[in-house]
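As the structure lists them, so they are numbered: ligands from 1, and atoms in each ligand from 1. Just so it is clear, the structure is predicted and the values come from calculations on it, not from any experiment. By convention here, the first residue in the shown sequence is residue 1.
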Amino acid sequence: MNRSTAYANANIALIKYWGKFEASLNVPAALSLSMTLSHLGTKVTVTSIDGPSHQASIINGAIKEKDLLRLKNYLELVRQYFPFDGFLKVVSESSIGISAGLASSASFFAALATALNAHFKWQLDQQQLSILARMGSASAARSIFGGFAALKGGVSHEEAYAYPVSSKLDLAMVLAVVDQSPKPISSREAMNITQATSPFYRAFIESQKDDFDRAVKALSEGDITILGELMEHSTLKMFASMWTAIPAINYWHPKSLELISMVYQLRKEQGEVYFTMDAGPNVKILCPELKLPAVLTRLACSGLTTDIRTSAPGEGSKILSEHLHD
Ligand code: PMV
């Protein structure tokens, strides 16, 4: 049977994007910077099938109607840019929670784009592959690359690709999961509302380039203090724009704030420990690898969560020879 499989890790944005420049093609409004995680991602197998439509299933979960529709729309959009015949069955298996702000869609669409490229022998390079992934979920473009990656925004479809960014830092990222249930509102919808109604959105976008440039410099010079401060600043600016949207968008849980207070306290005692959050209540903690034991001990004692995932900078997307069968 003609099938192809790929794996991609999730990534967490250090400098956030929020909002679209070109919604139909998922071109972000501003550039962003991320760390690709190790061992937290999604495996996708695509198989050519007889019509009349695309199909999908998830090994460790049930597929929702709206996700199937999103997938079908994506595949039809891809067909317009990279013509292919027939229909596909897409089977996936993820080691992270779905739709809970844990970047599962980033790893899914990066793995899917990588599998499609192999399946149809398009021979796209990583830059083109990142564009293909971005058309499914903008953050997915960054998961094509390992380590650290940037994604361009506020540019045309052809120019909105991701690229690798060098780092001199030995970093770890800890995911403190407080709630894995699907988010109350999709990031796509929340972005539209924020962009259309928040008086603070413009300030977020206008300061993005400066934050990004300084964060890239901090990474390449090995300055975690500047990087961490910029990450928190970017995170809070993004949420400030969401909270001031009409209606207000709030992904936070009381425990999110408690975890952030814990990070502030740890930073006072231990130095460089920083937080970020995405479209969900879960808190991600960035620290030098050496400080990981202290962070994990404090988290375990906090009683705020028992679901803790630890990651280092991970690999980019890759082809696998073992396929998923549902
Ligand atoms: O591209 P999406 O729909 O996965 O949205 C990602 C949005 C944030 O995670 C909040 C920010 C980012 O740059 O990843």
Side-chain angles (χ1 to χ4, degrees), residues 8-37 40-42 66-67 70-71 73-74 94 96-113 130-145 148-154 160-162 165 173 175 182-195 198 201 204-205 208 211-212 215 230-243 245 249-252 256 275-284 286:
N9 280 308
N11 73 78
I12 300 297
L14 310 178
I15 299 296
K16 310 287 175 186
Y17 101 84
W18 191 252
K20 301 285 162 61
F21 181 68
E22 164 63 70
S24 62
L25 289 166
N26 261 335
V27 176
L31 28 64
S32 56
L33 174 69
S34 64
M35 173 172 140
T36 300
L37 303 179
L40 286 173
T42 305
K66 70 169 181 21
D67 294 328
R70 179 174 173 189
L71 174 65
N73 289 343
Y74 171 69
S94 183
I96 33 180
I98 292 161
S99 303
L102 287 170
S104 58
S105 69
S107 58
F108 173 79
F109 281 103
L112 177 57
S130 76
I131 291 177
L132 186 63
R134 191 211 73 224
M135 289 158 72
S137 174
S139 55
R142 301 182 307 232
S143 276
I144 297 297
F145 297 93
F148 297 84
L151 170 61
K152 302 220 267 173
Y161 53 81
V165 170
M173 182 85 77
L175 277 61
K183 46 191 148 206
I185 174 169
S186 73
S187 50
R188 196 170 287 217
E189 208 183 323
M191 282 180 204
N192 285 341
I193 297 172
T194 312
Q195 220 166 340
S198 170
Y201 181 72
F204 166 68
I205 292 298
Q208 194 76 355
D211 291 349
F212 174 87
L230 283 165
M231 180 179 79
E232 289 190 355
H233 183 59
S234 175
T235 305
L236 293 174
K237 258 191 297 197
M238 176 181 77
F239 283 109
S241 73
M242 287 188 221
W243 291 329
I249 291 149
N250 190 3
Y251 286 114
W252 289 32
S256 316
F275 72 86
T276 187
M277 288 175 65
D278 294 284
N282 306 309
V283 176
K284 291 100 183 189
L286 182 75

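Heavy atoms of Arg188 found under 4.0 angstrom from ligand 1: none, in either backbone or side chain. Neither the backbone nor the side chain of Lys20 has any atom closer than 4.0 Å to an atom of ligand 1 (non-hydrogen atoms only).
Ligand-side atoms of ligand 1 in range of Met238: 10 (C), range being under 4.0 angstrom from any heavy atom. Listed by number with element, the atoms of ligand 1 under 4.0 angstrom from any heavy atom of Ser105 are 4 (O). Residue contact check: Ala13 has heavy atoms under 4.0 Å from atoms 12 (C), 13 (O), 14 (O) of ligand 1.
Among protein heavy atoms, the minimum distance from atom 14 (O) of ligand 1 is reached at Arg142 NH2, 2.7 Å. At the top of the distance list for atom 4 (O) of ligand 1, counting protein heavy atoms only, stands Ser139 OG, 2.7 Å. The closest protein non-hydrogen atom to atom 3 (O) of ligand 1 is Ser187 OG, 3.0 Å. For atom 8 (C) of ligand 1, the closest non-hydrogen atom of the protein is Asp278 OD1, 3.6 Å. Closest to atom 1 (O) of ligand 1, if we only count protein heavy atoms, is Tyr17 OH, 2.6 Å.
Ser198 places no side-chain N or O within 3.5 Å of a backbone atom of Met242 that could act as its donor or acceptor partner. With hydrogens and angles ignored, the 3.5 Å screen pairs a side-chain donor or acceptor of Asn26 with a backbone N or O of Met135. Checked by atom type and distance alone, the side chain of Asn250 pairs as donor or acceptor with a backbone atom of Trp252 at under 3.5 Å.
Thr276 meets the side-chain contact (heavy atoms from CB on, under 4.5 Å) test with Ile12, Lys16, Met231, Thr235, Lys284; sequence neighbours excluded. Under the rule for a side-chain contact (heavy atoms from CB on, under 4.5 Å), the partners of Ala160 that lie at least two apart in sequence or sit in another chain are Val27, Arg134, Val155.
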Query - Thr194/Trp18 under side chain to side chain donor-acceptor pair (under 3.5 Å): CA gap, chis, key distance, verdict - result: CA-CA 9 Å; Thr194 312; Trp18 191 252; 3.1 Å; yes
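Taking 4.0 Å as the cut-off, Ala106 does not count as a neighbour of ligand 1 on heavy-atom distance.
In plain terms, the two heavy atoms of Ala110 and Ala133 that are nearest each other are CA-CB, 4.0 Å.
By the 4.5 Å heavy-atom criterion applied to side chains, Leu37 and Ile96 are not counted as neighbours.
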